[in-house]
Amino acid sequence: MVNCRIDNFDESTGPKNASWIIRYIRVIKPRETILLTFIGLCAGIVAGGGRPDVGTLLLATLAILLGSGGTNGLTNYIDRELDAKMERVRHRPLPSREIFPPQKMLPWAIGLVIAGLIIAWFLHWMCFLFGAVGVIVAATFRKRVTCVFPQGALAGCSPVFIGYVAISKSVDWTLLFLCLLITIWIPLHVWSLMIAHRDDYRQAGITYFPMSHEIKSSVRVIPFLAVLLFACSMGLYYVGQFDILYLIVACIMGILTITSSARLIYTGLSRDSWKVYKLTAFPYLGILFLAMALDVWLL
């Protein structure tokens with residue numbers, strides 16, 4: 001059992017004397033929020049053919065930033081007791097009681113969500129609808145009992161959907177392939193993390209895939225997802241009518257991901273699974289979406 005001492009904790013000082021502003025920023029997972037906002041921004045640039053309306057794009061970016069941050073705060077609140085049992089995340093503001101009682105952060109998270117949805121409503125009714133669906137499914141996510149489907153896919157696609165529809169005002173095949181890319185990316189990213197910290201997740205009582213299978217069988221799905229992700233990125237090249245810049249970047253990142261994932265078949269080591277997880281974060285998703293935006297803007 002992880003030792004998570006919380007008795008006699010004084011929030012006025014907190015671990016390492018972190019200021020309350022930093023605590024409330026950390027609770028919305030700034031790195032994840034920034035990545036989601038960035039890919040939504042890039043999706044808007046793609047939707048506008050490299051020349052989107054700047055005002056609309058900025059509003060869409062703000063809506064994604066606020067909504068994603070607030071939603072991340074809500075999921076942190078929901079999983080706070082489970083996170084306290086896991087070595088990797090027990091130092092987060094809620095399980096470590098940097099913010100205590102945890103209900104104190106709810107107005108902050110809910111306020112961000114409401115602000116994001118209000119902006120989304122003025123952008124387009126579909127932006128509001130998909131944003132609201134993303135918040136709802138993310139807020140009903142339970143790390144202990146819920147797998148990454150379908151909640152993870154729906155919530156993960158929301159930033160891309162909002163950014164794209166805010167500019168295009170419609171749904172087309174490019175948007176559908178963007179969402180398909182995110183849908184495939186999510187289990188590859190999340191499952192590689194779970195395999196890397198297998199013991200941590202198991203001691204917390206998480207029993208669904210990949211925790212429900214032995215390492216030798218669970219790692220086999222990672223290279224398969226990497227190949228599927230690469231195939232989707234190639235399909236997006238044709239559907240979205242991208243140019244050579246995107247094609248080169250998609251091929252390089254796809255090959256790196258497949259190679260890194262295939263290594264797991266032979267080693268089954270946590271450090272190799274961790275490398276897949278780190279590669280599929282910003283290095284893959286961020287660079288790929290950046291390549292899309294630069295492709296339509298420059299070429």
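Using a 4.5 Å heavy-atom threshold, the side chains of L236 and Y246 count as touching. Counting only heavy atoms from C-beta outward, the side chains of Q241 and V296 never approach each other to under 4.5 Å. When side chains are defined from C-beta on, V165 does not count as touching S170, because their heavy atoms never get closer than 4.5 Å. Considering only heavy atoms from C-beta on, L193 comes within 4.5 Å of R88 through its side chain. No side-chain heavy atom of S218 sits under 4.5 Å from any side-chain heavy atom of W191. In this structure, F128 and I162 have side chains that are not in contact, with every pair of non-hydrogen atoms separated by 4.5 Å or more. When side chains are defined from C-beta on, P93 does not count as touching M105, because their heavy atoms never get closer than 4.5 Å. Side-chain contact between K104 and Y24: present, with at least one pair of heavy atoms (C-beta onward) separated by less than 4.5 Å.
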Check your understanding: After noting the C-alpha distance and the side-chain angles of Y266 and D272, does the key distance pass the side chain to side chain donor-acceptor pair (under 3.5 Å) rule?
Key -> CA-CA 10 Å; Y266 298 100; D272 290 323; over 6 Å; no

Review point. What's the verdict on side chain to side chain contact (heavy atoms under 4.5 Å, CB included) for L74 and L106, showing C-alpha distance, side-chain angles and the deciding distance?
Key: CA-CA 7 Å; L74 291 177; L106 286 178; 4.0 Å; yes

Check your understanding: Should R198 and R202 be marked as a side chain to side chain contact (heavy atoms under 4.5 Å, CB included) after you check the CA-CA gap, both sets of side-chain angles, and the distance that decides it?
Key -> CA-CA 6 Å; R198 183 180 181 86; R202 278 195 162 182; 2.7 Å; yes

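Counting heavy-atom neighbours within 6.0 Å of R263 CZ, excluding the residue itself, gives a total of 12 or less. Within 6.0 Å of atom CZ in R31, 12 or fewer heavy atoms from other residues, nucleotides or ligands are found, so the atom counts as exposed in its surroundings.
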May I have the list of side-chain donor-acceptor pairs in residues 59-73 shorter than 3.5 Å, sequence neighbours left out?
residue : atom : partner : partner atom : Å
T61     : OG1  : L57     : O            : 2.8
S68     : OG   : I64     : O            : 2.8
T71     : OG1  : G67     : O            : 2.7
N72     : ND2  : T33     : OG1          : 2.9
N72     : ND2  : S68     : O            : 3.2

Under 3.5 Å, sequence neighbours excluded: what are the donor-acceptor pairs made by side chains of residues 274-286?
residue : atom : partner : partner atom : Å
T280    : OG1  : H189    : ND1          : 2.9
T280    : OG1  : V276    : O            : 2.9
T280    : OG1  : Y277    : O            : 3.0

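Here the closest heavy-atom approach between residue S158 and residue F130 is recorded as OG-O, 3.2 Å. Between A43 and L178, the closest heavy-atom pair is CB-CD1, 4.5 Å. Listed here is the closest heavy atom pair of L188 and A226: CD2-CA, 4.1 Å. Nearest heavy atoms, A291 versus L245: O-CD2, 4.2 Å. T174 approaches G240 most closely through the heavy-atom pair OG1-CA, 3.5 Å. When all heavy atoms are compared, the tightest approach of A155 to A138 is CB-CB, 4.1 Å.
Distance CD1/I21 to CZ/R26: 14.0 Å, rounded to 0.5 Å. Of the inter-residue distances, the one linking Q203 atom CD with K85 atom NZ reads 9.5 Å to the nearest 0.5 angstrom. Expressed to the nearest 0.5 Å, how far CD1 of I34 lies from CD1 of I39 amounts to 13.0 Å. L176 CG to C157 SG: the interatomic distance, rounded to the nearest 0.5 Å, is 10.0 Å. Here the CG atom belonging to L82 is positioned 6.0 Å from the CE atom belonging to M86, to the nearest 0.5 angstrom. Rounded to the nearest 0.5 angstrom, I195 CD1 and L264 CG are separated by 6.5 Å.
Judged purely by atom type and a 3.5 angstrom limit, D295 uses its side chain to pair as donor or acceptor with the backbone of D243. In this structure a side-chain-to-backbone donor-acceptor pair under 3.5 Å is present from R23 to E98. Side chain of R90 to main chain of S96: no donor-acceptor pair is present (N/O by atom type, distance under 3.5 Å, no hydrogens or angles).
Aromatic pair F242/Y237: ring centres not closer than 6.0 Å.
Residue V54 is found in a hydrophobic cluster whose other members, listed by chain and number, are L58; membership requires side-chain heavy atoms under 4.5 Å apart, directly or through intermediates.
Following chains of ILVMFWY side-chain contacts shorter than 4.5 Å, one cannot reach W185 starting from I255, and the two form parts of different hydrophobic clusters.
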